[in-house]
Amino acid sequence: KESEKSSSKGRDDTTKKMNNGHTSSSSITKQGTNGSNASAAPPPPPVLKGTLSYNIENRKHMIRGMWNYENSSTFPPQRFELVRSLDKSEDVKFLPKDGEFHGSFSLAYFHTTSKGKQKERSKVITESGVRIKFTPNPDGKLPQFKVDGEGTNQFGVFNINGTATPSAHEGDPTYDIVLRKRYKPAHLSGSVVPNESTKKTKKAKKRKNALLGHNVSGNGGGGGITNSGPLPPPSESFPSRVVCLQGKLSRDESEDLGVPEVVHRINGMWSSGLDYILADPQNKGGLCNRFEYEHKSSLPNKVFPISGRYSGWFVLTKDDGTRTKIPEKDITLKFRKNNAGYHNIEGKGSNAFGKYSITGTLTLDNVLTIFRHFQPRKGKTKDVVAPSTPIATAGISAPGKVTAPLPEMKLKLEDVLIPGGDENDGRLDSIPPPENGTYSALMRGVMKLNDDGAHTCQGKWAINRDLYDDGTFSNFSFRLEPHFAAQGAAAMKKANGEKPGEDAARSAGVSFSAAHPGSMTFPVDSALYKGSFQMKRGASKYTSIIDQQIALKFRKNTEGSFNVYGQGINNIGKFNLFGKLISTGKSSSGHVELYRMYHPPPANDQPAQITKPEKLSPAPILPKAQPQKKVISEKVSSAVSLAPPLQPLPPLQPLPPLQPLPP
């Protein structure tokens, strides 16, 4: 934008400064002056103005100040900093001194939103390996030192040139610094002054490029595709039970940061198997979740697809229905042509669930399909909770496609009993509120049908009504996924003799969605509701209890609302649910008041009762002189046998009758 505002002569001069006077760059500027490529002219060079000083305590030399584009007023000046740490043998107060600096600078830019509005934003760009050399002026005149240096940041390799002048204030040991920064063009980025560290870096980069398939000879630019040797066959495809990601690879160019930037981006859907993606490619049934990979490069490169390092994330659906973004780490992708005419993909990466390797293919229309093969964790075996797969990866059958399996069910819808039987719909009395102390928890909230076909309920719960009215409550929620709602609605219509398909929708005069046949039915009976609730731990901490499965039935009562009957299970145990669903005037939402009662523990969980032994006959009393219990001697036995028998007691005489008390 700055170069568009300047004159043609200014653009030629600026381009020569940025490219160190090379004619190839000036020819680009001439093209921009003559026609449509004016916006491709590079911006003017940044000018850095600051102070060189030292810090005795931290033993550091610091260059701090403000920078801006030359002759520019688009943005206000922005901060920069370069710091060098000194060895113990170096004198901190000796300025200036050659060395390697590290630092950062702030970069403001305009970001265009999806609505076309421009907003000013800022980010911090780190710089490393900035080697600066201070050369004294041979004439001894000001400026006293000439400054030259070279460093790298995310935009590429740059040179800095300028001056260092002692401060004009008496007793001030600092230096006033003025520097200009010029980025090297792509074909000159390899002309770094050779030293031991750069040689090692070059060797490491060559090994890394060889692993990633880069063309390190320099003829095709970095990120190329190696095709040495015979072409391999297409990579193996795994139809099920292997985490699969499928998306579209695209290449875009932008100048949001003031410097041309090439972005290779992969957008698509992922699931725990390729069969889930094929069964629901548009994710209308909620079988998949989104993911994105991205590779950015500030150097012009026409290679496509490009091998290298990618950043990314994927969306994970938790057991309670909420979604969260999981970041990916250390993703590397290598593209190599196969004998079928398209590309194989190899790579690796890691995330919160562990490290994995990547295999897959990229078709001619740039559709990428990759598989993740997670590596077993090393070390001592511990009780690790298995990573939960998204709820959205289970269950819907598409015509002619793979049918996703249902989750393991501990409860069945048939286990929920209705007073008078399931056919007693519309003739049931409304369920009265139970007395406090006869239930475990009270739940009040709003249940509704979402646009995607999911049935959700959110609200507050308490131990009883009194605590609820006092505001002593916590959050709860439960949810039925869209594909399960569709299956439940179809089963309800089939049981009622209705057509669950498009004919029934047309006869009712409403719209029909083939992906969400449950969108016309609310509420839906199902044994596949899931949810959670919070319990307080201490003064301010909470813990979530997952309701692993909830089975619910809804029956109309004589008041026009719905009676709710259900069962559920969590880590605490099994429980019954009963209450009411009162419509809010819409056919797709209502207020619920549910009561939860936990089952008593089974008899197997009671402590075993100790059976008393049979009563034994008392042992004979032995004389005290005998310390041990032995067989009675013959003398004692004979004495016992000669003793006279005991005489029976006389019968009891009846008591005289009680005399009445005197008045």
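- A distance of 11.5 Å separates NZ in Lys329 from CD1 in Ile331, rounded to the nearest 0.5 Å.
- For NZ of Lys133, the number of neighbouring non-hydrogen atoms (other residues, nucleotides, ligands) closer than 6.0 Å is 12 at most.
- Remark: side-chain polar atoms of Asn55 are paired, donor with acceptor, to backbone N or O of Glu57 under 3.5 angstrom.
- Considering all non-hydrogen atoms of both residues, Ile63 and Leu52 come closest at CG1-CD1, 3.6 Å.
- Rounding to the nearest 0.5 angstrom, the gap separating the CG atom in Asn289 from the OG1 atom in Thr317 is 3.5 Å.
- Of the charged side-chain nitrogens involved, at least one lies within less than 4.0 Å of a carboxylate oxygen, so that Arg309 and Asp330 count as a salt-bridged pair.
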Discussion item. Quick one, Ile345 with Leu368, criterion side-chain contact (heavy atoms from CB on, under 4.5 Å). Give me CA distance, side-chain angles, the key distance, then yes/no.
Written reply: CA-CA 9 Å; Ile345 303 174; Leu368 175 141; 3.4 Å; yes
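- At least one side-chain heavy atom of Ile160 sits under 4.5 Å from a side-chain heavy atom of Ile132.
- For Ser104 (side chain) and Thr126 (main-chain N/O), no donor-acceptor pair under 3.5 Å exists by modelled atom type.
- Ion pairing of Arg59 with Glu90 is absent here, as no side-chain N (NZ or NE/NH1/NH2) approaches a carboxylate O to less than 4.0 Å.
- To the nearest 0.5 Å, the span separating NE2 on His373 from OH on Tyr356 amounts to 11.5 Å.
- At least one side-chain heavy atom of Pro234 sits less than 4.5 Å from a side-chain heavy atom of Asn339.
- Applying the ring-ring contact (aromatic ring centres under 6.0 Å, His included) test to pairs two or more places apart or on separate chains, those with a residue in residues 115-145 are Phe145-Tyr175.
- The closest donor-acceptor contact from the side chain of His61 to the backbone of Val92 lies under 3.5 Å.
- One N or O on the side chain of His102 and one on the backbone of Gly129 form a donor-acceptor pair closer than 3.5 Å.
- Interatomic distance, Glu127 CD to Asn153 CG, rounded to the nearest 0.5 Å: 5.0 Å.
- Looking at Tyr54 and Lys93, their side chains come closer than 4.5 Å, going by heavy atoms from C-beta outward.
- There is a side-chain donor-acceptor pair under 3.5 Å between Gln246 and Thr369.
- Contact check on Arg64 versus Glu81 returns a salt bridge, with a Lys/Arg side-chain nitrogen under 4.0 Å from an Asp/Glu carboxylate oxygen.
- Not one N or O on the side chain of Glu150 forms a donor-acceptor pair closer than 3.5 Å with the backbone of Phe158.
- Applying the side chain to side chain donor-acceptor pair (under 3.5 Å) test to Asn475 and every residue at least two apart in sequence or in another chain returns Lys460.
- Residues passing the side chain to side chain donor-acceptor pair (under 3.5 Å) test with Glu292, sequence neighbours excluded: none.
- The side-chain tip of Arg180 does not point at the ring of Tyr69 from less than 6.0 angstrom away and within 45° of straight on.
- Phe291 pairs by the ring pair (Phe, Tyr, Trp, His ring centres under 6.0 Å) definition with Tyr293, not counting sequence neighbours.
- His264 and Ser250 share no donor-acceptor pair across their side chains, judged by distance under 3.5 Å alone.
- Counting only distance, with no hydrogens or angles, the side chain of Thr113 and the backbone of Lys117 share a donor-acceptor pair below 3.5 Å.
- Glu70 has no carboxylate O lying under 4.0 Å from a charged side-chain N of Lys181, or vice versa, which leaves the two without a salt bridge.
- The salt bridge (Lys or Arg N to Asp or Glu O under 4.0 Å) pairs that include a residue from residues 346-370 number zero, where partners must be two or more places apart or lie in different chains.
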Practice prompt. Show your reasoning for whether side-chain contact (heavy atoms from CB on, under 4.5 Å) applies to Lys60 and Leu86.
Written response: CA-CA 6 Å; Lys60 291 181 178 181; Leu86 304 180; 5.9 Å; no
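- At least one side-chain heavy atom of Asp148 sits under 4.5 Å from a side-chain heavy atom of Lys146.
- In this structure, Asn366 and Phe304 have side chains that are in contact, with non-hydrogen atoms separated by less than 4.5 Å.
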Practice prompt. List the steps, then state whether side-chain contact (heavy atoms from CB on, under 4.5 Å) holds for Leu249 with Leu362.
Written response: CA-CA 9 Å; Leu249 175 62; Leu362 177 68; 3.8 Å; yes
Discussion item. Is there a side-chain contact (heavy atoms from CB on, under 4.5 Å) between Leu82 and Glu100? Walk through the geometry before answering.
Written reply: CA-CA 9 Å; Leu82 293 171; Glu100 184 172 323; over 6 Å; no
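- In this view, Asp172 and Ser167, Thr174 satisfy the side chain to side chain donor-acceptor pair (under 3.5 Å) rule, not counting sequence neighbours.
- Of all non-hydrogen atoms in Ser122 and Ser106, the two that sit nearest each other are OG-CB, 4.3 Å.
- With contacts defined as side-chain heavy-atom distances shorter than 4.5 Å, the pair Lys123/Ile125 qualifies.
- Counting all heavy atoms, side chain and backbone alike, Ser237 lies closest to Leu274 at OG-CD2, 3.8 Å.
- In this structure the side chain of Gln144 never reaches within 4.5 angstrom of the side chain of Thr165, judged on heavy atoms.
- Nearest heavy-atom pair, Tyr276 versus Ser271, reported as atom, atom and distance to 0.1 Å: CB-OG, 3.2 Å.
- Put simply, NZ on Lys296 and CZ on Phe155 are 9.5 Å apart, with the number rounded to the nearest 0.5 Å.
- Minimum interatomic distance between Pro173 and Leu95 (heavy atoms only, all atoms of both residues): O-CD1, 3.7 Å.
- Residues Pro233 and Asn338 have side chains not in contact (no heavy-atom distance under 4.5 Å, counting atoms from C-beta outward).
- Summarising the geometry of Ala108 relative to Glu120, their closest heavy-atom pair is CB-OE2, 4.2 Å, with the distance given to 0.1 Å.
- In this structure a side-chain-to-backbone donor-acceptor pair under 3.5 Å is missing from Thr152 to Gly156.
- Residue Arg265 qualifies as enclosed at atom CZ: its count of foreign heavy atoms under 6.0 Å is above 12.
- The closest donor-acceptor contact from the side chain of Trp270 to the backbone of Gly247 lies at 3.5 Å or more, if one exists at all.
- From Asp176, atom CG reaches atom NE2 of His169 across 7.5 Å, with rounding to the nearest 0.5 Å.
- By the 30° and 60° cut-offs, the orientation of the rings of Phe238 relative to Phe371 is perpendicular.
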